[in-house]
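Worksheet: one structure, shown below.
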Number of protein chains: 2
Amino acid sequence: MAYFDAASAAPLHPVARQALLASLDDGWADPARLHREGRKARMLLDASREAAAEAVGCRADEVVFTPSGTRAVHSAVAGALAGRRRVGRHLIVSSVEHSSVLHSAEVFEAEGGTVTRVAVDRAGAVDRSGYAAALRPDTALACLQSANHEVGTVQPVAEVAEECRAAGVPLLVDAAQSLGWGPVEGDWSLLTASAHKWGGPSGVGLLVVRKGVRFAAQGPVDERESGRAPGSGNIPAIVAAVASLRAVRAEAAQEAVRLRELTARIRARVPELVPDVEVVGDPERRLPGIVTFSCLYVDGEALLHELDRAGYSVSSGSSCTSSTLTPSHVLKAMGVLSEGNVRVSLPPGTAEADVERFLEVLPGAVAGVREKLGAPAPAVQAGPEELLVDSLGKRCPIPVIELAKVFGEVPVGGTVRVLSDDEAARLDIPAWCEMRGQEYVGEEPAERGSAYVVRRVS
Amino acid sequence: MAYFDAASAAPLHPVARQALLASLDDGWADPARLHREGRKARMLLDASREAAAEAVGCRADEVVFTPSGTRAVHSAVAGALAGRRRVGRHLIVSSVEHSSVLHSAEVFEAEGGTVTRVAVDRAGAVDRSGYAAALRPDTALACLQSANHEVGTVQPVAEVAEECRAAGVPLLVDAAQSLGWGPVEGDWSLLTASAHKWGGPSGVGLLVVRKGVRFAAQGPVDERESGRAPGSGNIPAIVAAVASLRAVRAEAAQEAVRLRELTARIRARVPELVPDVEVVGDPERRLPGIVTFSCLYVDGEALLHELDRAGYSVSSGSSCTSSTLTPSHVLKAMGVLSEGNVRVSLPPGTAEADVERFLEVLPGAVAGVREKLGAPAPAVQAGPEELLVDSLGKRCPIPVIELAKVFGEVPVGGTVRVLSDDEAARLDIPAWCEMRGQEYVGEEPAERGSAYVVRRVS
């Protein structure tokens, strides 16, 4: 039994639990009231704000507690864009931001704003030149995550912040995945974070707006949290969130080395143990606890169920819910294989033995799913110069499986045309070619769906 | 030591505390995830939704958990107005709604919508005819609180709901102050509530949207809570909130009788014990635990401090924060005295002895404040036909105090002109006349501020 989905939500830290219990008696009243109970609540809230500011590396009066990291992002994007409306209506985001950022950008577009989505490399990283090229005189705001929530790749925030500062554009950093490991470096202007990523309770987010940054909170007026987060916050939860942040920070240096070694082990061993696997994300510039890989000929959800039955809780894709069937926008932007995707995110304290057992369990789990799906065994005999595979109406990963099944039947130089109307094929067939060292000729319109043409080069 | 500010936030109910602790171990994960921990969290969330629906009297799939009552109101008003945009851009609210409703209405006006504010009687109640008269073919939404948060007056929700239903207009009921006492009667369409009013944790609100009500959630897309409340909720807090609602409901019938008797005692005794006091709000159609009165010649904040020193935590005005200095919009709409205002709101379980001791302490506290402010002793001798009182630059309650000091000096039939540039004088001088049975002649423009003319009739 092991929980390897810390990037979704980390288990409540023991220190968070203690802080929560300790503040239940004094933290329930309205901190804005003048009476004794109100003052007690206010003292807890003020102390939490001071401690959060110290951990972030900012002033206490720059810190606002929000009802979640998602709400912090929504408020930050809307407030910063409105604060600089006179400057212009242009927003820059990376193509691998968290959905809360991308959905905020969609709202802005619907209201007539323009959005530039900065591309990432195959490791999932942006570079400063991408932001430098995107910056315009009418750019109101730029957004960049400190590290990717799905593949763990660390972004060059300090460099991008320099570019933005030079252009006089505020940079909003979504630090949800990294704040527990350390403060965000560089000259950023706004920052958001989410407590349940570092072992605090759910329902607590952080919004930091540096002094001097133009910010116009949107929505109905409310006097709480300097007018930037309406409604009564859950003060014991806030106390617990900040206590947990301090606790994980104290353990961060040591734990980072340990988890990095464990994830490095997974990165190295999985391709040895499981055939046809692609480990994604930057091998060096990455978060300590996250490793993500995709398995050819595998349905991610089926694999999650196999692993869950085996006692391992992991996640797949970047979906903020289990319901979505569309391929992860992060993997898509990286141009890597999206089928059979597994994100392993280790919480602090993960035992080496649990990782080792996971590596024992994984190959069988993958093989089991592939067997159910009828994944191919390598074929050899030569056949016709060109083959047609009709995968119309079949969902990922079937088209790639059918491609692979027949591929050995065409001689070197021969081609296979895969007819498919599944969205994911457009991503996964080229990815399969890259993994296999085969040539992806291209996509051609077909009566139904598209024809994906692959030439055998070896 | 007694806490009499339950209408701001009730102390955490013991059952809420137990439920919170019991769910900390199973409630921390992302309920949308497919793994074991996610399923455990989802089960807690689903069970809470079922229980909340039962307490409200609606279907579970009509219940959404929000980060606070304020956020529930903001989402409800914005979503209902957007859902019926085609019908029209007219909104109806009562003039004594909670600030979260009134501030939502201000946003709507700023965006070009029209708002009708229905007046209340001197007891703070609307009547059905007021809403009937306000309803228009282009009315998108009507809002009415179930009971007033400041004076405890219960509103005729069922009757107003009938009027709205007949006009095909959805009615949103802010049930923050009453849901702990029982379900909201009548054929309402949307409902909001706030857990810390019934002994649940802060940071949990309820939004109920009846099936068939047009609703278009505003802001960035998010799949949680049927797309109506973005971000990860605090599931243990939600479990605690619902457990607390069920617990206070179980005690409600008995506790209502007991608290009603205690507040009736305060309503009756305060005017006997303290001179120049006006008890406000409906003496019959009211919440069990709330009683509000205003003391002539008294500064509300000073009185709060006196009572706090004496060990009694009460609040003043309707301010959602302690900072505001403007007179309560509720008392203003009722046309009653706003100076020296005290709201006593008893939490369930309040001991009779604490109420009795409060009644012993109150007269001295009021007298102390009046003495500091130099409040008048009755004067008798006759003087000139007309007197001028220059209170320019002096804040409430000074102008009324100075009026009262000299009033005895003019003979019956004589007048006193009070020069004042304090907002509150416009409200309090007429109120003083009503309390004293003197004639308020009216307001006249002056070089600075206004002249308020009062004729002595007895």
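Every chain is numbered from 1 and lettered A, B, ... according to where its sequence line falls, protein lines coming before strand lines. The model shown is predicted, which means the values in this text are computed figures rather than measured ones.
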Counting heavy-atom pairs closer than 4.5 Å to chain A, which one of [options] comes out on top?
options                             : value
B:Ala105, B:Ser194, B:Ser104        : B:Ser104
B:Ala10, B:Pro220, B:Ala72          : B:Pro220
B:Leu307, B:Val107, B:Val73         : B:Val107
B:Leu20, B:Asp25, B:Ile238          : B:Asp25
B:Ala29, B:Pro201, B:Ser68          : B:Ser68
B:Gly203, B:Ala9, B:Pro11, B:Gly219 : B:Pro11

Centroid separation B:His35 to A:Tyr3 less than 6.0 Å: yes
Between [options], which has the largest tally of heavy atom pairs under 4.5 Å with chain B?
options                                : result
A:Glu106, A:His196, A:Gln218           : A:His196
A:Ile235, A:Leu24, A:Leu21             : A:Leu24
A:Gly233, A:Ser232, A:Pro236, A:Ser315 : A:Ser232
A:Met1, A:Arg17, A:His305              : A:Arg17

Closest contact, heavy atoms only, [X] versus [Y]:
X        : Y        : value
B:Arg36  : A:Gly311 : NH2-CA, 3.7 Å
A:Ser8   : B:Arg33  : OG-NE, 2.9 Å
B:Pro230 : A:Thr70  : CB-CG2, 4.1 Å

Under 4.5 Å from any heavy atom of chain B - which part of [X]:
X        : result
A:Ala6   : neither
A:Leu12  : both
A:Val314 : backbone

Region of B:Arg309 that comes under 4.5 Å of a non-hydrogen atom in chain A: neither
Under 4.5 Å from any heavy atom of chain A - which part of B:Ala240: neither
Stepwise side chain to side chain contact (heavy atoms under 4.5 Å, CB included) test for B:His103 and A:Asp222: CA-CA 8 Å; B:His103 289 146; A:Asp222 188 281; 5.8 Å; no
A:Ser313 side, atom OG; B:Arg39 side, atom CZ - distance, nearest 0.5 Å: 7.5 Å
Any donor-acceptor pair under 3.5 Å from A:Asn234 side chain to B:Ser202 backbone: yes
Heavy-atom side-chain contact between A:Asp5 and B:Glu37 under 4.5 Å: no
Worked check of side chain to side chain contact (heavy atoms under 4.5 Å, CB included) between A:Asp308 and B:Leu34: CA-CA 8 Å; A:Asp308 181 53; B:Leu34 296 171; over 6 Å; no
